[in-house]
Amino acid sequence: MVDGPDEIAAAWAALRRHALEEEGFSCILADAMNRSNAMGSEVRAMWPGARLVGRAVTARPSGTELAAVFDAIDLAQPGDVVVVEGPGAASVAFWGENTTLSARNRGAVGAVLGAPCRDVAAHARLGFPVFATGATPRAGIFGSRGETQVPVSVGGMVVRPGDAVLGDENGVVVVPAERLVAVMAAVPDALAKDRAIQAALAQGSTVGEYRRTHGG
């Protein structure tokens, strides 16, 4: 059964609302997908408080050339997240202040990189969420090669154009586009379970005691 446009729009609205209202919502989202679909810990927020949620527009650079990154930014629509595959072992920055300014001009709401970035202070000052594997002053090179809007691998996760991407202080979670409605339908139960455990802990219980009594 294919989800209709109204269901998809409602799922996106719920995702954005929870991302704003719930502390550490990435954890609940991963729990709703059987504790899966999270990028590895090497992909992390580059400034405290960075948080993003949006639709993926992807870039797969060729070597250390930046052309695909620039092209993906130009393809971005308001609310999109630019997701960039890393260049393997080459430790170069695939994002900086100028790409942040460029992405903001397109209405993009953040970037997720399987590579380092640079100009970390500028991203924080501009309030633009960047999730990356670290930082280095060494930038990639200008060139003409690379691909956009193709599946990319970042932090051990495959991200396809249009997938939902959420990042917060815990890391980045990816929801495949075709699963978004089902995953968001599972979120209330995941939230309820988490709140029930925390209510028991507030009363002096332990996680072990709760599990022995309630299972899970």
Side-chain angles (χ1 to χ4, degrees), residues 7-8 10-56 58 79-84 86 108-114 117 120 123-124 127-134 152-160 162-216:
E7 293 174 298
I8 295 171
W12 271 106
L15 177 63
R16 291 188 171 100
R17 183 179 69 253
H18 284 302
L20 289 174
E21 295 176 354
E22 302 290 342
E23 180 183 84
F25 183 65
S26 61
C27 299
I28 297 297
L29 194 59
D31 288 352
M33 292 185 285
N34 296 316
R35 302 189 174 186
S36 66
N37 284 55
M39 291 184 182
S41 59
E42 68 273 17
V43 181
R44 59 193 185 277
M46 289 291 99
W47 51 271
R51 187 180 292 190
L52 61 77
V53 58
R55 187 176 285 104
T58 65
D80 284 350
V81 173
V82 181
V83 182
V84 182
V109 296
V112 176
L113 320 172
C117 71
V120 173
H123 308 313
F128 190 84
V130 175
F131 288 71
T133 60
V152 296
S153 179
V154 180
M157 283 295 305
V158 173
V159 185
R160 298 170 305 167
D163 286 348
V165 181
L166 180 142
D168 61 20
E169 65 275 12
N170 297 294
V172 179
V173 176
V174 180
V175 184
E178 71 276 8
R179 294 181 58 194
L180 181 62
V181 171
V183 169
M184 292 312 299
V187 161
D189 184 57
L191 275 170
K193 287 180 178 178
D194 189 61
R195 287 168 177 165
I197 293 173
Q198 292 191 354
L201 296 175
Q203 296 299 314
S205 184
T206 68
V207 174
E209 291 171 344
Y210 184 90
R211 290 189 64 193
R212 286 191 291 273
T213 304
H214 298 84

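When atom types are taken as modelled, the side chain of Thr206 and the backbone of Glu209 share a donor-acceptor pair closer than 3.5 angstrom. Not a single donor-acceptor pair under 3.5 Å links the side chain of Ser205 to the backbone N or O of Leu201.
Taking all atoms of both residues into account, the shortest heavy-atom contact from Val183 to Met33 is CG2-CG, 3.6 Å. Contact record, Asp163 with Val158: OD2-O, 4.3 Å, taken as the closest heavy-atom pair. The minimum heavy-atom distance between Val159 and Ala56, with the atom names listed, is CG1-CB, 3.7 Å. Nearest heavy atom pair, residue Gly110 against residue Leu52, reads CA-CD2, 4.0 Å. Pairing each heavy atom of Ala50 with each of Ala45, the nearest pair is CB-CB, 4.0 Å.
Interatomic distance, Asp80 CG to Thr58 OG1, rounded to the nearest 0.5 Å: 10.5 Å. The CZ atom of Phe128 lies 14.0 Å from the CE atom of Met46; values are rounded to the nearest 0.5 Å. In this structure, CH2 in Trp12 is found 4.5 Å from CZ in Arg55, a value given to the nearest 0.5 Å. The distance from atom CG of Leu113 to atom CZ of Phe131, rounded to the nearest 0.5 Å, is 10.5 Å.
Inter-residue side-chain proximity for His18 and Leu29 is flagged as unmet; no heavy-atom pair is nearer than 4.5 Å.
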Donor-acceptor contacts, no H, no angles, side chain residues 165-182, under 3.5 Å, sequence neighbours left out:
| from | atom 1 | to | atom 2 | distance (Å) |
| --- | --- | --- | --- | --- |
| Asp168 | OD1 | Ser26 | OG | 2.7 |
| Asp168 | OD1 | Asn170 | N | 2.9 |
| Asp168 | OD2 | Phe25 | N | 3.2 |
| Asp168 | OD2 | Ser26 | N | 3.0 |
| Asp168 | OD2 | Ser26 | OG | 3.1 |
| Glu169 | OE2 | Gly24 | N | 3.3 |
| Glu178 | OE1 | Arg160 | NH2 | 2.5 |
| Glu178 | OE2 | Arg160 | NH2 | 3.1 |

Could you list the donor-acceptor pairs under 3.5 angstrom formed by side chains in residues 188-197, with sequence neighbours left out?
| from | atom 1 | to | atom 2 | distance (Å) |
| --- | --- | --- | --- | --- |
| Arg195 | NH2 | Glu22 | OE1 | 3.2 |
| Arg195 | NH2 | Glu22 | OE2 | 2.7 |

Worked check of side-chain contact (heavy atoms from CB on, under 4.5 Å) between Val82 and Val112 = CA-CA 6 Å; Val82 181; Val112 176; over 6 Å; no
Begin with the C-alpha distance, continue with both residues' side-chain angles, and end with the deciding distance and a verdict on side-chain contact (heavy atoms from CB on, under 4.5 Å) for Val83 and Val154.
-> CA-CA 8 Å; Val83 182; Val154 180; 3.9 Å; yes
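Sequence neighbours left out, not one pair with a member in residues 30-39 passes side-chain hydrogen bond (donor to acceptor under 3.5 Å, both in side chains).
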